[in-house]
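Reviewing the structure listed below.
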Amino acid sequence: MDSFKALVVEKTEEHFSTQVKELRIEDLPPGEVTIRVRYSGINYKDALACTPNGRVVRKYPIVPGIDLAGTVAASSDPRFREGDEVLVTSYELGTGHYGGFSDYARVPADWVVPLPEGLSHREAMILGTAGFTAALSIQRMEENGLSKEKGPILVRGATGGVGSNSVSMLAALGYVVEASTGKSADHAYLLELGAERVVPREELAPSVRKPLDKEYWAGCVDPVGGESLAYVLSRMKYGGSVALSGVTGGGEFAATVFPFILRGVNLLGIDSVYCPSEVRKSLWERMAGELKPQLLERMMYKEVTLDGVVQATQEVLDGKVRGRVLVSL
């Protein structure tokens with residue numbers, strides 16, 4: 001190809017721009033594997049990358065898109081050959097290394113995961129980093145003793161990408177799922193995904209909060225954080241786990257040590273960015289099987305081309321998006 005299209009974000013002290021440009025293969029950063037991108041998806045981090053003060057981009061110019069799925073166009077690494085179907089999520093993709101909002105991407109071979117049987121490019125990107133984070137949260141809680149016999153599981157921020165995937169995955173595994181959201185119009189959607197009860201956001205922020213409250217949840221998938229996390233911790237059952245992966249509700253919370261030292265509660269940090277390759281590959285295989293949401297398409301908010309990415313990222317930042325936004329290349 002002589003040239004191809006990509007969404008390029010540029011920033012100097014005087015100037016900031018986000019626009020679709022023509023690039024050439026030699027414009028791409030170093031890497032062993034060149035991929036013809038078929039689909040990407042818009043994550044919260046991608047939305048921040050398209051703003052002047054998002055503080056997630058390590059160097060400019062940058063092509064955002066922390067997820068991509070496509071076909072290998074060229075490879076100097078023997079693990080991958082032209083025509084292989086693959087996906088890449090996280091690492092520095094889209095923040096320090098040109099990402100998925102581009103017809104072509106070139107990445108280090110160690111970042112590349114073979115597309116599992118049972119997932120198409122499109123399905124893999126409906127899942128994306130959000131789905132991977134949900135699956136990793138569930139697996140980490142299971143490794144720390146979670147089982148469906150122990151009680152209900154709370155999912156916070158349930159209409160978002162991580163939340164929607166978590167509700168669907170947990171319900172498919174047989175867990176009793178309670179989904180928390182501040183969007184009253186989306187209660188029916190969450191029940192359709194498999195939640196047995198919808199918890200209004202304000203229920204997690206009582207005016208009077210005790211260091212230890214009545215035990216209730218056996219686990220919690222939390223991509224929200226913030227002050228309400230303290231209340232959730234106070235309601236966890238003995239030995240329960242909170243899998244914390246996000247800060248959309250804020251980066252700070254005030255709590256006591258009592259849930260941890262009197263009930264053995266686990267606060268699990270979920271990092272999907274630098275998750276080891278062997279864990280990443282095996283978990284994607286699981287996501288193509290028992291963790292594949294039954295209503296995967298239902299979790300898609302809309303599909304856009306490169307020309308529609310900027311508007312869609314603003315919708316993400318404004319909290320208007322339910323589920324995933326796909327980018328079709």
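In this text, all values refer to a predicted model and were calculated from it rather than measured experimentally. Just the heavy atoms: all of them, side chains too, but no hydrogens, waters or symmetry mates, feed the values below.
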Any chance you could lay out the side chain to side chain donor-acceptor pair (under 3.5 Å) test for T89 and R280, step after step, and finish with the verdict?
CA-CA 10 Å; T89 61; R280 194 179 292 268; 3.1 Å; yes
Could you state the interatomic distance from OG (S137) to CG (D222), rounded to the nearest 0.5 Å?
9.0 Å
Min side-chain heavy-atom separation L48-R55 under 4.5 Å:
no
Using a strict threshold of under 4.0 Å (side-chain N to carboxylate O), is an ion pair present between D110 and R79?
yes
Stepwise side-chain contact (heavy atoms from CB on, under 4.5 Å) test for L190 and V155
CA-CA 11 Å; L190 294 172; V155 176; over 6 Å; no
Can you check whether L115 reaches V86 side chain to side chain, under 4.5 Å on heavy atoms?
no
Under the ring-ring contact (aromatic ring centres under 6.0 Å, His included) definition, can you give me all pairs with a residue in residues 142-196, not counting sequence neighbours?
none
Measuring from E303:CD to I126:CD1, what's the distance to the nearest 0.5 Å?
8.5 Å
Could you check if a side-chain atom of E22 sits within less than 4.5 angstrom of a side-chain atom of K5, using non-hydrogen atoms only?
yes
Using the rule that two of Ile, Leu, Val, Met, Phe, Trp, Tyr join whenever any of their side-chain heavy atoms come within less than 4.5 Å, decide whether Y231 and I153 are in one cluster.
no
For the pair F260 and L233, evaluate side-chain contact (heavy atoms from CB on, under 4.5 Å) and give the outcome as yes or no after the intermediate values.
CA-CA 9 Å; F260 309 109; L233 289 167; 3.9 Å; yes
Joint hydrophobic cluster, V247 plus L267, side-chain heavy atoms closer than 4.5 Å
no
Working note: L204 + R235, criterion side-chain contact (heavy atoms from CB on, under 4.5 Å); need CA distance, chi angles, decisive distance, verdict.
CA-CA 10 Å; L204 303 183; R235 297 297 310 275; over 6 Å; no
Membership question, hydrophobic clusters at under 4.5 Å side-chain separation (ILVMFWY): are V20 and Y60 in the same one?
yes
What's the shortest heavy-atom distance between H121 and T71, and which atoms?
CE1-OG1, 3.7 Å
Tell me if a side-chain donor or acceptor on D46 pairs with a main-chain N or O of N43 at a distance below 3.5 Å.
yes
Any ion pair linking E10 and K21 (charged N to carboxylate O, less than 4.0 Å)?
yes
Do K281 and E285 meet the salt-bridge criterion of a basic N to acidic O distance under 4.0 Å?
no
State yes or no: do V112 and L283 share one hydrophobic cluster built from I, L, V, M, F, W and Y residues joined by side-chain heavy-atom distances below 4.5 Å, directly or via other members?
no
Quick one: closest heavy-atom pair of R106 and P29, and the distance?
NE-O, 2.9 Å
If you measure from CG on D103 to CD1 on I35, what distance do you get to the nearest 0.5 Å?
13.5 Å
Please report the closest heavy-atom contact between R209 and E227, naming both atoms and the distance.
NH1-O, 3.6 Å
Whether the side chain of K150 engages the backbone of G240 through a donor-acceptor N/O pair (distance < 3.5 Å, no angle test) should be reported.
no
So, E215 side chain and Y238 main chain: donor-acceptor pair closer than 3.5 Å or not?
yes
Nearest heavy-atom neighbours spanning S75 and V33
OG-CG2, 3.9 Å
Going by heavy atoms in the side chains, are L229 and V224 under 4.5 Å from each other?
no
Candidates L244, V221, V232 - the one meeting side chain to side chain contact (heavy atoms under 4.5 Å, CB included) with R156:
V232
d(I42 CD1, D67 CG) to nearest 0.5 Å is 11.0 Å
Could you go through L329 and L68, starting from their C-alpha distance and side-chain angles, then the distance that decides it, and tell me whether this counts as side-chain contact (heavy atoms from CB on, under 4.5 Å)?
CA-CA 10 Å; L329 281 307; L68 65 85; over 6 Å; no
Would you say K320 has more than 12 foreign heavy atoms packed within less than 6.0 Å of its NZ?
no
Among L193, V177, I138, side chain to side chain contact (heavy atoms under 4.5 Å, CB included) partner for M169
I138
Do F4 and V309 sit in the same hydrophobic cluster, where Ile, Leu, Val, Met, Phe, Trp and Tyr count as joined when their side-chain heavy atoms come under 4.5 Å apart?
yes
So Y44 and L317, do their side chains get closer than 4.5 Å, heavy atoms only?
yes
Taking atom CD of E85 and atom OG of S120, what is their separation to the nearest 0.5 Å?
10.0 Å
CD of E142: more than 12 outside heavy atoms within 6.0 angstrom?
yes
For the side chain of K183 and the backbone of G319, is there at least one donor-acceptor N/O pair under 3.5 Å apart?
yes
E117 atom CD, over 12 foreign heavy atoms within 6.0 Å
no
Set of ring pair (Phe, Tyr, Trp, His ring centres under 6.0 Å) partners for W217, sequence neighbours left out
none
Side chain proximity check, P108 to E32, heavy atoms < 4.5 angstrom
yes
If you look at every heavy atom in L93 and I66, which pair is closest and at what distance?
O-CG2, 3.2 Å
Would you check if I62 and T95 make a side-chain contact, meaning some heavy-atom pair closer than 4.5 Å?
no
To check you understand the geometry: which heavy-atom pair defines the closest contact between L23 and A6, and what is its length?
CD1-CB, 3.6 Å
Is the backbone N or O of V72 less than 3.5 Å from a side-chain atom of D84, with the two atoms forming a donor-acceptor pair by type?
no
Is the positively charged end of R36 above the ring of Y104, judged by distance under 6.0 angstrom from the centroid and angle within 45° of the axis?
yes
May I ask you to check whether S228 and R201 show a side-chain donor-acceptor distance below 3.5 Å?
no
Is a donor on one side and an acceptor on the other found under 3.5 Å between the side chain of T313 and the backbone of C50?
no
Between F132 and W284, what is the ring plane arrangement, given parallel below 30°, perpendicular above 60°, and tilted in between?
parallel
Expected output: side-chain S102 to main-chain A105 donor-acceptor under 3.5 Å:
no
Within a strict 4.5 Å, meaning less than it, do heavy atoms of the R122 and R38 side chains meet?
no
Between E192 and R322, does at least one N-O distance fall below 4.0 Å, as a salt bridge requires?
no
Counting only heavy atoms not in E26, do more than 12 sit closer than 6.0 Å to its CD atom?
yes
Can a donor-acceptor pair be found, under 3.5 Å and without considering hydrogens, that links the side chain of S168 to the backbone of S164?
no
Here the side chain to side chain donor-acceptor pair (under 3.5 Å) pairs for residues 239-249, sequence neighbours left out, are S241-N266
Can you tell me how far the CD atom of E123 sits from the CG atom of L326, to the nearest 0.5 Å?
10.5 Å
More than 12 heavy atoms from other groups under 6.0 Å of CZ on F258
no
